[in-house]
Amino acid sequence: MSPTVRTGRAGRARLAVLALLASIVVPLVAAGLRSVLWALAGMAGLALAAVGVWWTLAHTGGLRALGAALSVAAPVAVLALFATFGMLGPALLSLGLWLLAVTAARTALAPGHTASEQAVVKAPRTPWVVMNPRSGGGKVDRFGLVEKARAAGCRVVLLDAGRHQDVTELARQAVAEGADLLAVAGGDGTQALVAEVAARHDLPFVVIPAGTRNHFALDLGLDRDDPPAALEALTHGVELRIDLGYAADRVFVNNASFGMYASVVTDPAYRDAKTRTTLRTLPALLTGEDPPRLRTRADRTYVDGLQALLVSNNPYGRAVDAARPGRRERLDSGLLGVVCVRVANTAQAARIVRGPRSGQLIRLNAGEVVVESDTGTIPVGIDGEHVVLPSPVVCRSAPGALRVRVPRRRPGTSRAGGEAADWPRVARLALGRPSLRRGQDEP
């Protein structure tokens, strides 16, 4: 590591330590030892709000109405109490300092790793791209992607909304006809289907963010507001080697979801009435006479009694990470991320505010994840596409399976650190005594 980088990390570590100390000192100055009572009041409000959300989702009738009211009233009451006694300002300042401390700590510890980039020295001769005109509310037409892709030398295939087309078979046919690069302008589900064909034939793959959410494009650093910019990868790009995830024989570039979400979206009414269908379906899934439960083995860790399980192609960052909330820091770690939810009653719902320590929200990393249920099949949401797979479902990572070409300049390539803050390491770094974690690249 260069002296400049080391100095920058030490500075961020010192900022993290100072912000953490300040987040503790501020409430102590404002309320003295009573700050402990105020912290307990805040946690109680969060717990009551969690209980309200649980009643809203898991029950019907009067208890659902009470839950909805409680989920709003509890945090409002806590905020009003803080404001009445002059503690709202110090509490918000303390929270802001804590978020700053966590973000600075994570950036200080970040290894600065990105997928290795290789410059593209030769443009493809016969690039092929499939486009879904319906994706993203019509981004293909709105951004003139067909004309721009053809001007870049691509053979363009448009999906027809009026008939079923096998995207995988279209990609295979393109390879058989001599395509030396495959690209997709569409949603993440379509991206995954074509990516599998590209990986199988070791062909470069280009992502054009023309879907609704474009999570895969976001984690590649692409500009989701400028889909045509992705075409620069054909001639002025770099190539990355990234992982693919598999659920049984189905590829995913983002994640495979099991349990509540996957069961709800299989309801035919979900597409036209998402909220109503979810509220109608969840009580039976959560607290019915025989609610479905999942169990999983992530490498050597076994967890059962789950209502929901998310397996991702590389681990996601935590939702509270202010720098990169809910995003993947790397796409080439060779690991699957696992998030398990286990909430079966009101008491467990209240404990979930403790995070991972509660046992109701479990985060793991693993090379292989086996998901089982008591039924013969399991509904699964794979990159937004809903399928039913035989139980058990074996999920695995295929490290470095996909060659992705991206533009040299991408707005989202900065890395902010993807691991939980390790405060002893942060303190040593702040004092000028860095210690390496296992596997970190450093002399």
Side-chain angles (χ1 to χ4, degrees), residues 106-107 109-117 187-189 191-196 198-199 205 207 209 211 213-222 224 238-248 250-258 296 298-299 301 308-321 323-340 356 361-371 380-385 393-406 410 412-420 437-441:
R106 290 162 67 89
T107 57
L109 296 179
H113 180 279
T114 58
S116 57
E117 298 183 355
D188 290 328
Q191 301 279 2
L193 296 174
V194 179
E196 180 184 18
F205 178 69
V207 174
R213 289 175 292 273
N214 300 294
H215 291 159
F216 188 39
L218 177 67
D219 290 330
L220 287 170
L222 301 178
R224 297 182 297 174
V238 294
E239 191 168 291
L240 314 175
R241 276 279 184 183
I242 67 170
D243 310 333
L244 286 177
Y246 280 82
R250 293 292 301 263
V251 165
F252 57 92
V253 293
N254 290 326
N255 55 62
S257 59
F258 301 80
T296 185
D299 286 345
T301 301
L309 173 70
L310 183 78
V311 180
S312 58
N313 175 28
N314 286 266
Y316 282 103
R318 299 179 188 274
V320 296
D321 180 6
R324 293 169 62 85
R327 291 178 57 184
R328 290 168 289 181
E329 179 62 25
R330 295 177 57 172
L331 291 172
D332 64 342
S333 70
L335 292 172
L336 299 171
V338 186
V339 179
C340 309
L361 183 64
I362 304 165
R363 293 171 57 94
L364 302 165
N365 297 338
E368 180 180 272
V369 180
V370 180
V371 184
V380 190
I382 299 181
D383 285 340
E385 302 295 327
V393 178
V394 178
C395 302
R396 61 182 177 86
S397 175
L402 184 64
R403 298 166 55 192
V404 178
R405 287 192 181 178
V406 292
R410 311 186 299 286
T413 52
S414 62
R415 298 298 187 211
E419 61 181 68
R437 73 168 183 266
R438 185 170 56 190
Q440 180 174 338
D441 294 329

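All values reported here derive from a predicted model rather than from experimental measurement. Just the heavy atoms: all of them, side chains too, but no hydrogens, waters or symmetry mates, feed the values below.
Within the 4.5 Å cutoff, side-chain heavy atoms of Val338 are placed close to those of Leu309. Looking at heavy atoms from C-beta onward, Glu329 lies out of side-chain contact with Asn314 at the 4.5 angstrom threshold. For the pair Leu240 and Leu220, the minimum side-chain heavy-atom distance is below 4.5 Å. For the pair Phe252/Glu385, no side-chain contact is recorded, criterion being any heavy-atom separation below 4.5 Å from C-beta on. Between Arg410 and Val238, the closest side-chain pair of non-hydrogen atoms falls below 4.5 Å. Under the 4.5 Å side-chain criterion, counting only non-hydrogen atoms from C-beta, Val339 is not in contact with Tyr316.
Checking side-chain atoms of Arg224 against main-chain N and O of Ala217 turns up no donor-acceptor pair under 3.5 Å. Checked by atom type and distance alone, the side chain of Thr296 pairs as donor or acceptor with a backbone atom of Val370 at under 3.5 Å.
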Checklist line | Criterion salt bridge (charged side-chain N to carboxylate O under 4.0 Å, His left out) on Glu368 and Arg396, from CA distance to verdict | finding: CA-CA 5 Å; Glu368 180 180 272; Arg396 61 182 177 86; over 6 Å; no

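Residues Phe205 and Ala195 come closest through the heavy atom pair CE1-N, 3.8 Å. The two atoms that bring Ala401 and Ala199 nearest to each other are O-CB, 3.4 Å, heavy atoms only. Here the shortest heavy-atom pairing between Gly334 and Asp243 reads N-OD2, 2.7 Å. Closest of all the heavy-atom pairs between Val253 and Ala192 is CG1-CA, 4.0 Å. Here the shortest heavy-atom pairing between Leu402 and Phe216 reads CD2-CZ, 4.4 Å. Minimum heavy-atom separation, Asn313 to Leu331: O-CD2, 4.1 Å.
Distance CG/Asp383 to NE2/His215: 10.0 Å, rounded to 0.5 Å. Here Leu336 contributes atom CG and Leu310 contributes atom CG; the two are 10.5 Å apart, rounded to the nearest 0.5 Å. Distance CG/Asp188 to CG/Leu218: 10.0 Å, rounded to 0.5 Å. Atom SG of Cys395 and atom CD1 of Ile382 lie 8.0 Å apart (nearest 0.5 Å). Here the CZ atom belonging to Arg330 is positioned 13.5 Å from the CG atom belonging to Asp219, to the nearest 0.5 angstrom.
Between Val311 and the options Leu364, Val369, Asn255, a side-chain contact (heavy atoms from CB on, under 4.5 Å) holds for only Val369.
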